[in-house]
Amino acid sequence: MTALVARLRPFTLLTLLCAALIAVLLFYPLGRMVHSLAFGGTGGGFSDALGVLTQPWLAPVLFNTFVIVGSSTVLALAIGAVMAWGNVRTNASIGMLGTLLPIIPLLIPNVALAIGWVFLGAPRVGFLNGLLALLPFGLELNIYSWGGLIFVYTINAVPYVYLIVSAALRNLDPALEEAARINGAAPLRILRTVSLPAIRPALISAALLVTITSLGVYSIPSVIATTAKIDVLTTRIVFLLNRDFPPKLAEAQALGIIMLLAVLALWWIEVRMTRSGKAATVGGRATSTGVIDLGGWKWPFRLGSLAYLAMTSIVPIGALLIVSLQPFWTPKINWLALNFGNYHQALFVNRLVSGSLGNSLFLSGTGAVIAMVIAIVVAIFSINRFGLLSSLVDGAIKSSAAIPNMILAVAFLSAFAGAPFFLSGTTTILLMAFVVMYLPPGAIAASATVNQIGRDLREASSIAGAGEGRTVRKVIVPLAIPGFLSGMAIVFVHMMGDLSAAALLSGPNNPVVGFAILSVWEAGTFGVLAALSVMLCIINIGVIGLIFGVGRLFGRR
Amino acid sequence: QSPEDILAAAKAEGEVLVYTSSPDAEMEAKIAAFEASFPEIRVTHIRLPSGQLFTRFISEHDAGVTQADLLAAHSSALFQERPELFVPLTPENLPVLGEQQIIVTPENASYQIFSNDIQLVTYNTDTVSQDDLDAHLASWEDLADPRWKNKVALVDPRNSANQVSFLLNMERLYGDEWFTGFMANEPEIVGTASSASQQVAAGAFDILVPTIPSQSAAVREQGAPIGMYSPEGLSHVTSAGFAVPEGAAHKNAALVFANWLLSPEAQVIQCEFSGVPNIGIEDAACAKLLPEEFTPARDVIPAEDAERVFGLVGLQP
Amino acid sequence: MVIAAAPAKSPRIEITNLVKRYRREGGASITPVNDISLEVAGDELVVLLGPSGCGKTTLLRCVAGLERPDEGEIVIDGKVVFSAKRGIYLPAEQRELSMVFQSYALWPHMTVAQNVAYPLQSRRAPAGDIGARVSKVLAMVGVAGLEQQYPSQISGGQQQRVALARALVSGSSVVLFDEPLSNVDAQVRAQLRFELQSMQRSLGFSGLYVTHDQTEAMELGHRVAVLDAGVVAALDTPRNVYNRPPSDYVARFVGVANIWPGAIAATGPEGAMVEGAFGRIAVAPEGLANVEAANGRSVGVVTRPENLRLSHAASEQAEHSSLPARVVTQMFSGAHTEVVVELGGGVLATVWVQDQSRLEAFPAGAEAFVTIAHRQVVLVPGTAP
Amino acid sequence: MVIAAAPAKSPRIEITNLVKRYRREGGASITPVNDISLEVAGDELVVLLGPSGCGKTTLLRCVAGLERPDEGEIVIDGKVVFSAKRGIYLPAEQRELSMVFQSYALWPHMTVAQNVAYPLQSRRAPAGDIGARVSKVLAMVGVAGLEQQYPSQISGGQQQRVALARALVSGSSVVLFDEPLSNVDAQVRAQLRFELQSMQRSLGFSGLYVTHDQTEAMELGHRVAVLDAGVVAALDTPRNVYNRPPSDYVARFVGVANIWPGAIAATGPEGAMVEGAFGRIAVAPEGLANVEAANGRSVGVVTRPENLRLSHAASEQAEHSSLPARVVTQMFSGAHTEVVVELGGGVLATVWVQDQSRLEAFPAGAEAFVTIAHRQVVLVPGTAP
Ligand SMILES: Nc1ncnc2c1ncn2[C@@H]1O[C@H](COP(=O)(O)OP(=O)(O)OP(=O)(O)O)[C@@H](O)[C@H]1O
Ligand SMILES: Nc1ncnc2c1ncn2[C@@H]1O[C@H](COP(=O)(O)OP(=O)(O)OP(=O)(O)O)[C@@H](O)[C@H]1O
Ligand SMILES: [Mg+2]
Ligand SMILES: [Mg+2]
């Protein structure tokens with residue numbers, strides 16, 4: 001008994017609390033939903049769900065999703081990792097610009113990102129096609145194509161990779177790269193054989209993160225894939241839920257389970273990788289702080305990454321900006337006709353100001369903090385313990401991303417709207433849903449960095465008599481702060497741009513920005529949507545800048 | 001319960017929460033007018049696409065709460081499938097039913113239709129002339145005219161029953177062969193009508209079907225080169241209906257607001273925001289009325305029928 | 001009024017039948033701590049000697065509570081901190097000991113001063129004291145002035161000394177040292193040895209001390225434990241282990257030893273005579289303690305290079321044995337010059353010559369005699385030929 | 001037909017007026033390499049000795065190309081790899097040298113075998129050879145059998161030997177060693193010293209070798225450079241540096257030295273006589289090389305503890321000086337026992353006694369004489385009193 005009490009140290013209690021919270025927030029609603037599908041109402045939920053497996057469209061949908069998510073993940077990993085390395089570990093760094101620019105696509109709401117690329121790359125009418133038409137080659141981009149779709153998925157994913165990988169590289173002992181240089185390895189070989197493999201767990205985490213976000217993205221395929229006649233899982237799930245009444249929840253869930261399997265597989269790889277001790281950690285023997293001299297490659301590398309960044313952040317934002325100033329989207333830009341009408345519309349007609357902005361900032365801010373606290377606690381708990389409990393909690397908070405948000409929102413409604421909670425339409429239910437829905441990216445980012453902290457640094461703290469709580473506060477958190485902040489940024493941005501939870505859960509008095517986006521997308525104009533996105537993007541940049549600014553204060557090494 | 005009792009109770013309740021799929025602007029205009037007439041009753045609303053609106057309502061219902069006092073959606077699927085959840089609407093609790101001539105009647109008494117739309121062709125006025133329309137789009141059948149090859153966009157029917165209903169009617173009128181000709185024009189499939197109308201304005205395609213005016217109202221107001229056109233042969237009418245849930249907390253207020261929605265005052269506002277009134281009315285604002293003959297859209301469609309037409313337009317079901 | 005604490009009666013650290021196994025990549029298992037029992041008395045410093053990879057760090061980690069042993073029991077200050085049988089396992093932070101990590105384990109995000117202040121803060125020392133105690137211990141290890149540097153900005157030896165300071169600052173009664181001075185120069189090392197000794201005298205602490213430095217082991221250790229693949233091969237005072245090693249393994253490991261195979265030819269009250277390819281050598285009785293002194297028994301003859309003398313003539317004295325030899329090579333190594341000679345049967349011997357002026361007389365190839373007193377020869381059990 | 005390469009005429013490594021400064025946290029600047037010039041000939045190993053933090057690692061990093069010096073020039077194999085004036089800076093990967101890192105810097109994601117194979121792969125050795133060469137060098141450093149382990153699964157000393165193997169495997173002509181053997185035991189260290197020497201004889205490589213181990217410095221170094229806060233304080237063969245240190249700093253740093261302050265009392269063809277609080281001591285002429293032999297000049301008298309003898313009577317021999325002393329303490333340290341004695345004027349001296357049987361005659365407090373031959377006394381310039 002005393003042994004048990006002794007083991008229940010404060011931090012363990014905190015973790016149990018988080019686990020309980022997750023159980024209430026995730027398992028309870030899902031369990032209720034599954035239960036009522038199977039036994040309640042119409043019944044036969046399981047046979048409906050099984051029915052999905054025999055549908056003729058299933059195989060092509062799975063194939064399409066696999067190709068798009070798979071190839072964009074690979075591309076994003078390559079691009080994000082190389083850029084992060086160049087910016088963090090070499091003298092080709094472009095400084096602050098290199099820290100902020102790569103994550104711009106993350107700050108634009110997904111709908112707007114997709115539409116921005118439609119503005120640019122739609123056949124005949126895209127701005128870029130207008131420019132290409134001036135050239136003699138007769139080139140034409142078509143965003144409504146496999147290539148276009150994968151391209152947009154990729155640039156949407158690069159920021160995640162960039163954030164996680166650059167946090168990991170910042171912690172990489174430069175001596176490892178120096179040893180490779182001494183042994184005659186040129187910079188690119190160092191990148192390939194040392195820098196990236198040494199942070200393999202972070203790469204896997206990034207892959208996991210990208211996969212689950214890409215799997216769950218709905219706006220991009222709904223804007224681009226429909227016209228390209230490429231069905232993916234999310235569009236399919238929305239058809240199932242929205243076309244007919246009653247919504248085909250069981251079938252949609254069956255698709256969710258397929259996604260879940262994919263995510264679990266990746267998660268399992270992540271867990272195995274991070275526990276093997278075969279990756280670089282922040283060690284207890286400090287070495288230099290040098291960066292790699294790229295020599296002649298410096299400028300080509302810089303220009304390349306600047307070009308990519310311009311292409312993926314400045315160009316689409318430019319397109320959004322132009323459209324937001326046009327009365328309506330047209331490829332023939334009439335500079336004299338540009339005006340701020342759409343901004344006026346966005347701000348005052350579409351309820352962006354009437355509280356929703358404040359609400360969203362509050363919800364996303366609070367939600368991001370809560371989610372990150374849970375994520376961090378669980379991540380820290382599971383580096384020390386390989387028990388069933390920690391695996392269960394860790395797996396649960398990461399794989400919940402595989403459950404489509406619409407389904408989660410429905411589950412939340414049935415679980416918490418009525419007795420005994422009566423949370424329907426309250427800010428609380430929205431906050432709870434936000435936390436559960438957007439916890440996974442935070443959790444992945446958190447464990448990616450926590451796993452990087454050398455074991456001896458934690459051990460030295462215990463030896464010094466520090467309890468778990470102190471070790472966490474004084475050693476783990478300060479060392480992992482860059483990764484935590486990245487996670488927080490990702491979670492925050494996700495919450496700001498949320499469309500699905502808000503639609504089902506928010507009440508008439510607590511509108512969020514997602515509402516505005518949704519209604520403009522449904523019935524408004526691209527101009528207003530662009531204006532809204534530009535403003536959101538600016539707000540996001542402000543908040544993210546603030547987060548990283550605060551981080552810089554702590555991040556001293 | 002007399003109408004007076006209901007009104008008195010409504011004033012006591014003092015508020016109504018409406019789940020609606022109507023655009024915000026339209027809803028706000030109506031609310032403003034209503035509150036001017038009934039200052040004791042405050043109306044709030046949540047706007048959602050019909051599908052999500054039903055999902056939300058039914059999930060809340062299953063959880064044992066009824067938040068919405070009134071549902072006003074561009075589909076009647078829920079009302080048709082689960083009439084028992086709603087207060088039967090009669091001239092007793094909805095006096096307007098006795099006072100006005102209701103044009104499109106509901107499938108059952110659990111709801112009433114308050115607004116209609118005729119599905120039209122949206123076209124780019126810069127690239128499509130009146131002559132083009134006369135020569136190549138006199139009837140809906142002309143969508144198969146080679147004039148529109150690579151110039152026509154079709155709203156993805158998988159998103160809504162209204163679109164499926166449209167295609168089913170095309171099949172009924174013109175048969176499978178028509179689809180062969182239509183598909184030869186290689187129609188683009190677009191996600192939503194409102195975004196596609198803007199692509200029409202930008203010049204991505206010449207015509208877009210099937211659409212209703214509200215989907216492009218905003219861009220047209222901005223002066224985009226967009227016109228609406230009604231070919232011969234099919235007047236496919238989609239409808240929006242309302243219903244009062246049984247468990248509603250402000251049932252009386254909801255009934256009062258519903259009743260008002262079918263009043264000439266409300267219907268005129270409705271017309272200003274596009275939409276065809278569902279009561280006989282003569283007003284300059286409501287120039288467009290339903291034709292003599294029209295085909296109401298079906299909101300509940302058997303899966304086999306839907307899958308068949310998806311196949312006809314080359315989509316996975 | 002201060003009441004002096006009663007002296008600890010039981011040993012400070014009691015390790016009983018400790019076993020720790022690891023699983024190697026590829027599936028094989030390895031047992032770096034294989035049934036070790038060891039007691040460390042109050043204020044005693046036991047030095048652990050052993051070849052690299054023999055399990056010293058693992059043993060320390062088990063005592064510290066960083067590794068959970070598979071079997072056995074550990075008692076610290078009378079409190080059972082680990083017992084496999086009774087399922088007790090106290091985590092490191094509750095064992096109240098200090099440790100110098102082989103890898104330093106300095107926290108890169110804290111300055112030197114913050115690193116050293118950490119144990120005080122986490123053990124809730126009065127805040128007012130901390131600054132002074134940190135400065136004092138940093139001055140003691142010779143890195144005063146580096147307080148505000150981050151570990152990546154100081155040299156390896158400086159880092160190691162900061163790690164040492166961190167272990168000493170809180171005045172724990174049990175301190176574990178894992179090669180704490182391996183990266184500092186001889187002079188500072190001597191200085192720190194001195195400081196450690198005087199700290200131990202004034203504050204008193206018990207400890208296990210891993211080192212590869214002979215002088216450190218001999219000077220610091222009250223007792224020396226020589227480990228051999230997870231097993232204690234010798235445990236005694238430095239002097240006894242050096243002078244009377246129980247086995248050739250220990251002899252070879254502590255100091256430099258010449259070990260020649262031979263067999264006992266005769267025994268008597270004045271000792272024994274051993275014969276081998278190298279010749280005949282007399283052994284005093286105290287040199288026989290670790291072997292069975294029976295004729296014909298094969299033994300190893302252990303001599304220390306500093307006790308061997310090179311001369312041109314054989315010694316006349318009775319207690320001396322002189323073996324004919326040929327000089328193979330000379331190697332200057334500071335305080336002495338190492339001369340390698342070949343005895344009979346190709347047996348090699350190392351002789352340390354201090355007086356450099358005598359070296360010229362023994363160039364490579366020169367014939368000479370190696371002389372040793374019978375009191376300076378020790379026998380260890382020999383392996384069967 | 002193989003044409004033997006012409007022996008390199010110019011030095012392998014030429015360091016000229018090298019300066020490297022660091023900025024300390026807090027703004028102060030520090031110059032760990034302060035105008036160092038040093039040449040390393042073909043197949044020569046120069047050992048760098050110096051207190052912790054004096055700039056040894058920094059110097060190595062400058063040569064390796066990991067640090068960009070602020071001033072000076074470095075030429076390797078006749079190629080200018082760095083020149084501040086001419087703005088030349090060849091990055092590390094193009095300098096074709098090897099280095100053992102003080103922190104090992106093993107790649108955690110590669111097995112031991114992969115770590116060691118890396119230099120071969122990046123220098124495009126034929127793939128067929130690699131396996132064999134890796135096994136060979138791993139066996140040489142004594143970690144054969146650990147090929148498939150990851151660095152986190154082997155002990156500190158094993159890691160260090162893998163780091164050494166990695167530096168040696170490619171057979172570079174220039175190898176930089178930063179305390180490569182600090183974490184391995186004395187026996188393995190001796191073994192590895194031997195292997196290094198024979199490798200150098202057979203393959204030939206030049207190098208800079210940082211160590212804190214006297215024996216290593218003396219045995220391995222063709223020459224020894226003693227660094228003092230970024231400046232070369234001595235650069236000569238080990239024997240000369242040990243026997244004739246140019247300053248008290250060097251004397252103290254190489255080996256153990258007694259340094260007593262005194263002043264020259266008389267000079268003559270047989271040397272000089274020095275007087276101090278400790279008494280009078282005779283110095284042979286070769287002991288005067290580093291001081292100006294003028295009467296009255298204040299000097300430091302350097303003697304080595306292994307050259308001092310303790311006796312009960314003063315020596316009669318002319319070349320011997322005997323100083324009256326009192327024993328302060330004895331400390332057993334293996335090969336010898338360190339006896340600290342107090343000479344006149346409270347001057348302390350360390351004497352190493354090898355014959356343990358003689359120690360009983362000199363317990364703490366006993367009166368004795370310390371005797372030294374005049375050839376074993378060296379003078380260094382004294383600081384003004
Ligand atoms: N990045 C840095 N920034 C500031 N000062 C530094 C930095 N690196 C080293 N120093 C300082 O430069 C001096 C020389 O360091 P260096 O690592 O060369 O010492 P070293 O001779 O190798 O010492 P050791 O024997 O302890 O390894 C030290 O005083 C150290 O504190
Ligand atoms: N995590 C591990 N997994 C598998 N084997 C391990 C692990 N840690 C250590 N070993 C092995 O256990 C043995 C003992 O290791 P330990 O670190 O205790 O050695 P050590 O005596 O401290 O050596 P050194 O003097 O080199 O530091 C070594 O052979 C090592 O390879
Ligand atoms: Mg060890
Ligand atoms: Mg160093």
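Predicted model only: the values in this text are computed from it and were never measured. Residue numbering restarts at 1 for every chain, and letters A, B, ... go by the order of the sequence lines.
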Query raised in the report: Does some side-chain heavy atom of D/I74 sit less than 4.5 Å from a side-chain heavy atom of D/L18?
Result: yes
Query raised in the report: Does a side-chain heavy-atom distance below 4.5 Å link D/L48 with D/L60?
Result: yes
Report task. Answer whether the closest heavy-atom distance between the side chains of A/N87 and A/Y162 falls below 4.5 Å. Result -> yes
Query raised in the report: Given side chains that start at C-beta, do those of D/K79 and D/L90 come closer than 4.5 Å, heavy atoms only?
Result: yes
Query raised in the report: Is the shortest heavy-atom distance from the side chain of D/L97 to the side chain of D/I13 under 4.5 Å?
Result: no
Query - Region of D/Q121 that comes under 4.5 Å of a non-hydrogen atom in chain A - result: both
Query raised in the report: Is the closest side-chain heavy-atom distance between D/V80 and D/V75 below 4.5 Å?
Result: yes
Query raised in the report: Should the ring pair A/F301 and A/W85 be called parallel, tilted or perpendicular, given that the plane angle runs from 0 to 90° and is split at 30 and 60?
Result: perpendicular
**Report entry** side-chain contact (heavy atoms from CB on, under 4.5 Å) evaluation trace for A/V88 with A/V165
**Finding:** CA-CA 10 Å; A/V88 172; A/V165 171; over 6 Å; no
Report task. Give the intermediate values and the outcome of side-chain contact (heavy atoms from CB on, under 4.5 Å) for residues D/Y22 and D/E67. Result -> CA-CA 11 Å; D/Y22 282 127; D/E67 209 79 62; 3.0 Å; yes
Query raised in the report: Can you pull out the residues in residues 185-196 of chain A with any heavy atom less than 4.5 Å from chain D?
Result: A/A185, A/A186, A/P187, A/R189, A/I190, A/T193, A/V194
Report summary line: Taking a cut-off of under 4.5 angstrom between non-hydrogen atoms, the residues of residues 157-172 of chain D near chain A are D/R166
Query raised in the report: Do D/V134 and D/L120 have side-chain heavy atoms sitting under 4.5 Å apart?
Result: yes
Query raised in the report: Non-hydrogen atoms of chain A under 4.5 Å away: do they reach the side chain of D/Y118, the backbone, both or neither?
Result: both
Query raised in the report: Can you check whether A/R181 reaches D/R95 side chain to side chain, under 4.5 Å on heavy atoms?
Result: no
Query raised in the report: For D/L106, is it the side chain, the backbone, both, or neither that has a heavy atom closer than 4.5 Å to a heavy atom of chain A?
Result: backbone
